[in-house]
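Notes to accompany the following structure.
Throughout, a chain's letter reflects where its sequence line sits, starting with A, and its residues are numbered from 1.
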Amino acid sequence: MPITSEKLIAWLQRVGQVLHEQREYLTQLDAAIGDADHGINMDRGFRAVVEKLPALASADSGTILKTVGTTLVSTVGGASGPLYGTAFLRAGIAMAGKQELQEADVVALLAAMVEGIQARGKARRGEKTMLDALLPALEAARKAEGEGLEMLQVLQACSSAAEAGMKSTIPLLATKGRASYLGARSIGHQDPGATSSTLMLQALVETYR
Amino acid sequence: MPITSEKLIAWLQRVGQVLHEQREYLTQLDAAIGDADHGINMDRGFRAVVEKLPALASADSGTILKTVGTTLVSTVGGASGPLYGTAFLRAGIAMAGKQELQEADVVALLAAMVEGIQARGKARRGEKTMLDALLPALEAARKAEGEGLEMLQVLQACSSAAEAGMKSTIPLLATKGRASYLGARSIGHQDPGATSSTLMLQALVETYR
Amino acid sequence: MKKLINRPEDVVKEALAGMEALHAELIRVDYESQVIVRADAPVQGKVGIISGGGSGHEPMHGGFVGCGMLDAACPGEIFTSPVPDQMLAATRAVNGGAGVFYIIKNYTGDVLNFEMAAELAAAEDIEIASVVTNDDVAVQDSLYTAGRRGVGVTVLLEKIVGGLAETGASLEAVAEMAQRVNANGRSMGMALTSCTVPAIGRPTFDLDENEMEIGIGIHGEPGCRRVPLASAAEVTEMLVNPILEDLELKAGERVIAFVNGMGGTPQIELYVMANELAKILRGKNITIARSLVGSYITSLEMAGCSITLLRTDDEILKYWDAPVHTPALRWGI
Amino acid sequence: MKKLINRPEDVVKEALAGMEALHAELIRVDYESQVIVRADAPVQGKVGIISGGGSGHEPMHGGFVGCGMLDAACPGEIFTSPVPDQMLAATRAVNGGAGVFYIIKNYTGDVLNFEMAAELAAAEDIEIASVVTNDDVAVQDSLYTAGRRGVGVTVLLEKIVGGLAETGASLEAVAEMAQRVNANGRSMGMALTSCTVPAIGRPTFDLDENEMEIGIGIHGEPGCRRVPLASAAEVTEMLVNPILEDLELKAGERVIAFVNGMGGTPQIELYVMANELAKILRGKNITIARSLVGSYITSLEMAGCSITLLRTDDEILKYWDAPVHTPALRWGI
Ligand SMILES: Nc1ncnc2c1ncn2[C@@H]1O[C@H](COP(=O)(O)OP(=O)(O)O)[C@@H](O)[C@H]1O
Ligand SMILES: Nc1ncnc2c1ncn2[C@@H]1O[C@H](COP(=O)(O)OP(=O)(O)O)[C@@H](O)[C@H]1O
Ligand SMILES: [Mg+2]
Ligand SMILES: [Mg+2]
Ligand SMILES: [Mg+2]
Ligand SMILES: [Mg+2]
């Protein structure tokens, strides 16, 4: 079954809930290798997003995603604001006019997000960033979709890959972002951005069910 | 037996030792109801005094005491510097030219010290200051001397009275000095200046023996 | 958490209101846009100078808004880069028709947010130039990091570039001076304690009684390495030697020496550090032409210190000496 | 104890050396006499202004030495009044033939040591006048205390009187202005933490996570009362209400508002407090004519804040605005 705009909105509401519940956890992760604001940033951003959702009840997916993007840019700040903001903006452009998202659209959506983050942040895989969750997630989604799997399985593959990618950041040496200032001290800690990305994708599976 | 200049010097050396040993104790007393520097102040002052003692080996009591006074004024600072400094200066003036101090001289010496402290600090008995040790000490010395007691007994009476006076400061409300800023919070703590005064007089008994 | 605040979420806003109330003749605050603007902005014909960053570093940047330094500052949440909307509002507010110059500290967030703002401003036909300060020698500048952090030289640069802009210099001249100052300044910092972000309520990291962090940034994050507590003399060596090496300062050269407190270190200790710095520089025949000793780029109440040395010349000194009137820095007016 | 120092016993001396090294054009230090003197002292025909007190309050007083403020400052050991020899040396160093004025804070030690110095100076035929600042409303001024402490107004007074003296005013005029300023200023302070004196190595008193001291002095001693931690708004009320009451400030009057950090409180919190102060004053229709927000009269690294309000008029403002060039305060030059 496709992802309707309604489901998209339900997803974003769930993301807002989860990021609020996990605010302390994300704070701790960002305290270990950063400035301890990632949890606060994401909570603030998605609280603003959730406030806008009622007005988007009859909007198409592209509009919804673009609104998420601009809202995040305007409220989050830090590194994650422009990165996630651009990700959602590009996703919104890619999904322009679509009311429902098919499996292939989800792949395109993720690809646009990843491209946006790469274009802004210029990071690659293995630098201990959100990309280390999102790139595997994109690849897994692409593979599952290419194998003709249904939406739920595509999303599950995507989410599991993100989770594995998130955990794979633990032993990595950070070479992008604030954590890179710590050099080898960044090793042994999970990346905050990879974690918030994973939380978002897990929430997508949850709300899709 | 009279107190010779030699004994006076021995006394001052002992005072230097005792104030150094009791530096931490005086610090604690002054931390409770002051700015925690009385121990440091007295240690510094009497270390400077002790350094000058060799050069005073053949000086008369008046000169020795005056030198103590000027040295304390020049090195101690705070409230205790001018107070003790003036005390010793006036004692030195009162003992001018004397090589040996008889019992009556000791009374005069103490009286001059108390007058000096009162003239400078304008405190009276019961205000929780060094006078609460020194006034009783003077009175006890005067009484013992008037009764014809010998030097050791005069000094012992003096020292015991100082000790009792020092302890009597514990329940007093401070109405002079830094402790007076604390109002009723000054009650229940022994006055630092009364303590250093008592230590000096106890040292006098010790070295006289 | 012991702080003189009301609700944690209101700290930034209330501090802005306090600044505005007590420096009403110098600045005004646009609460809607979250921008602090010089009272007489826009100054026609002058390059408008903007900076911004997370709050928590006061007086930087808001305390540097006024004649001779910044035309506007964009305060983000504590330790969080401001958003493009803020820089756009600031850009419009300071646009005197001669272009607007962004002073950006090299942190991914600051760079990206200012970048997005510049994209938006370009759409409005306002000419933008910028400098990214990256004076921190604690971090290697390589492909394997996000680059050196912008720290202490940012303060000096804001003054010097602000002084130059006040003369009506062109955007190109301002950009050139900014590049020159950034290229000739190096910094390094250390911390005796972490700091507590109000919204979090506990220190970002823990240091025990015998430890200190060397090579810190200004956002409360851990530094490059943790070492045993050392004397002021040893700490100063640890900070200054990498600076001298990286800057290749030579005997006979002059510097502006900036001994900065991280927020919780008292002035008496800053002067003890300054004495150590002066001894080292004297030993190397490097002259302190001008100095700044105080807490100007801070990390809330963190106890610690950073040192910045800026190689200087007569031209830089001219703009350093030029009149300035801001809440935190004032001379000549 | 975590401090940026070398040996505790060298802190005062090294801080002086650091000040001199980084402000060589403004001051010189006489290490023998332990006095900080304005570089161009004595200024002939001008009343020489001296102050002094224990170290640990930096920048007060050494940071206020220079044109337009103090001609010399006498730094004692930490929290310990300086000795008469220092004030005598300072008196000689600043004697420009027009008399010397002592700014003394009302602490028994400060008063007695300055008194003894004045006795010695009189013997040298130098005319001395003095003021004893006693602006602290936390302490009752009565026969039952050592009198009110001299705190925040001392900073404002040093500036105003210094500005007046710079015009060549007579010793009488300087003394009169000093009395007037002292009579019209009131202060009150509070602490979130104690401070650690280097020679002692541990905090002078202990406050737990939920306590604060109200009515503190500047020497690390406990305050008048210990109360539960409160918000910035509540704390400001606790400080300002006694000031307003004691000063009998009326609607329509103007003040110089001084929000002071005790050394360990960051600027962002000082501005939160400033906002609360501004709200209260606005509510009472009292105008903030000038302000000073920062850590100027401190207690080592104590976290806390004091507020000083000085009733002001055009004449006081004229001397407040007059040029000053010292390490810690500078404008107009
Ligand atoms: N160049 C980059 N590319 C992709 N992701 C990045 C980059 N820099 C930082 N990040 C991500 O941003 C996260 C930190 O976000 P946040 O704490 O909100 O911002 P800041 O580092 O400015 O405080 C990191 O965990 C990382 O995943
Ligand atoms: N007016 C006074 N008269 C007599 N003794 C005083 C007076 N004021 C203070 N003192 C004494 O000085 C002691 C404190 O000395 P010290 O701590 O060295 O000075 P400060 O109070 O300046 O820090 C008090 O304990 C008290 O005994
Ligand atoms: Mg962060
Ligand atoms: Mg004391
Ligand atoms: Mg951040
Ligand atoms: Mg003292």
Side-chain angles (χ1 to χ4, degrees), chain B residues 23-24 26-28 30-45 47-48 69-86 89 116-117 119-124 126-129 173-186 189 193, chain D residues 8-9 34 52-54 56 74 76-86 107-117 120 136 138-140 142-149 194-206 213 215-226 299:
Chain B
R23 170 183 159 126
E24 177 57 32
L26 293 173
T27 292
Q28 281 174 38
D30 196 32
I33 56 173
D35 56 359
D37 64 353
H38 190 59
I40 299 166
N41 293 346
M42 297 308 295
D43 184 22
R44 174 174 60 253
R47 236 182 306 128
T70 55
T71 305
L72 293 180
V73 168
S74 293
T75 62
V76 174
S80 49
L83 293 167
Y84 276 131
T86 303
L89 272 163
I117 292 169
R120 278 275 169 230
K122 300 182 175 39
R124 290 185 312 264
E127 304 209 72
K128 201 181 183 92
T129 73
L173 169 76
T175 51
K176 278 289 184 293
R178 198 175 289 291
S180 69
Y181 307 141
L182 273 57
R185 291 176 93 181
S186 60
H189 302 277
Chain D
E9 53 264 44
Q34 285 269 106
C74 307
E77 292 299 317
I78 295 201
F79 294 167
T80 305
S81 317
V83 297
D85 316 52
Q86 291 175 268
Y107 301 96
T108 305
D110 290 25
V111 169
L112 294 185
N113 281 285
F114 268 94
E115 196 177 86
M116 293 184 80
L120 295 164
D136 175 32
V139 176
Q140 255 199 313
S142 78
L143 290 171
Y144 303 108
T145 68
R148 289 180 150 169
R149 291 172 288 209
S194 178
C195 57
T196 294
V197 174
I200 296 171
R202 60 182 187 281
T204 299
F205 62 88
D206 286 308
E213 288 278 314
I216 55 157
I218 58 170
H219 295 85
E221 74 264 32
C224 291
R225 57 187 206 279
R226 184 164 295 190
S299 217

**Item:** Any side-chain heavy-atom pair of B:I40 and D:I200 under 4.5 Å
**Value:** yes
**Request:** Against chain D, label B:A123 side chain, backbone, both or neither, depending on which of its atoms sit under 4.5 Å from a heavy atom there.
**Result:** neither
**Request:** Give, for atom OG1 of D:T80 and atom NE2 of B:H38, the distance between the pair rounded to the nearest 0.5 Å.
**Result:** 11.0 Å
**Prompt:** Which region of D:V139, side chain (C-beta onward) or backbone (N, CA, C, O), has a non-hydrogen atom less than 4.5 Å from a non-hydrogen atom of chain B, or is it both or neither?
**Reply:** side chain
**Complete:** Assert top hit (heavy-atom pairs under 4.5 Å, partner chain B, pool D:Q140, D:R148, D:Q86, D:R225) equals D:R225
**Request:** Heavy-atom distances under 4.5 Å only: say whether D:F205 touches chain B with side chain, backbone, both or neither.
**Result:** neither
**Request:** Ignoring hydrogens and angles, tell me if any N or O in the side chain of B:R44 forms a donor-acceptor pair with the backbone of D:E77 under 3.5 Å.
**Result:** no
**Item:** Heavy-atom closest pair, residues D:P222 and B:A32
**Value:** CG-O, 3.8 Å
**Message:** Assess whether a salt bridge exists between B:R47 and D:E9, defined as any Lys/Arg side-chain N lying under 4.0 Å from an Asp/Glu carboxylate O.
**Reply:** no
**Item:** Close side-chain approach of D:T145 to B:E127, heavy-atom, < 4.5 Å
**Value:** no
**Item:** Part of D:E213 within contact of chain B (heavy atom distance under 4.5 Å)
**Value:** side chain
**Asked** Does the side chain of D:M116 reach to within under 4.5 Å of the side chain of B:T86, using non-hydrogen atoms?
**Response** yes
**Message:** Between D:N113 (side chain only) and B:G78 (backbone N and O only), is there a donor and an acceptor less than 3.5 Å apart?
**Reply:** yes
**Prompt:** Which bit of B:R185 is near chain D, if near means a heavy-atom gap under 4.5 Å: side chain, backbone, both or neither?
**Reply:** side chain
**Item:** Selection from D:C224, D:S299, D:P203 maximising heavy-atom pairs under 4.5 Å formed with chain B
**Value:** D:C224
**Request:** Kindly compute the distance separating SG (D:C195) from CG (B:D35), expressed to the nearest 0.5 Å.
**Result:** 9.5 Å
**Asked** Rounded to the nearest 0.5 Å, how far apart are OG1 of D:T108 and NZ of B:K122?
**Response** 11.0 Å
**Message:** If you compare all heavy atoms of B:S74 against all heavy atoms of D:V83, which two are closest, and at what distance to 0.1 Å?
**Reply:** O-CG2, 3.3 Å
**Message:** A side-chain contact here means heavy atoms from C-beta on lying under 4.5 Å apart; do D:L112 and B:L83 qualify?
**Reply:** yes
**pair B:V73-D:P84: side-chain heavy atoms closer than 4.5 Å** = yes
**Request:** Could you grab the distance from atom CG of B:L182 to atom CD1 of D:I216, nearest 0.5 Å is fine?
**Result:** 12.0 Å
**Asked** Do any N or O atoms from the side chain of B:S180 and from the backbone of D:A146 form a donor-acceptor pair under 3.5 angstrom?
**Response** yes
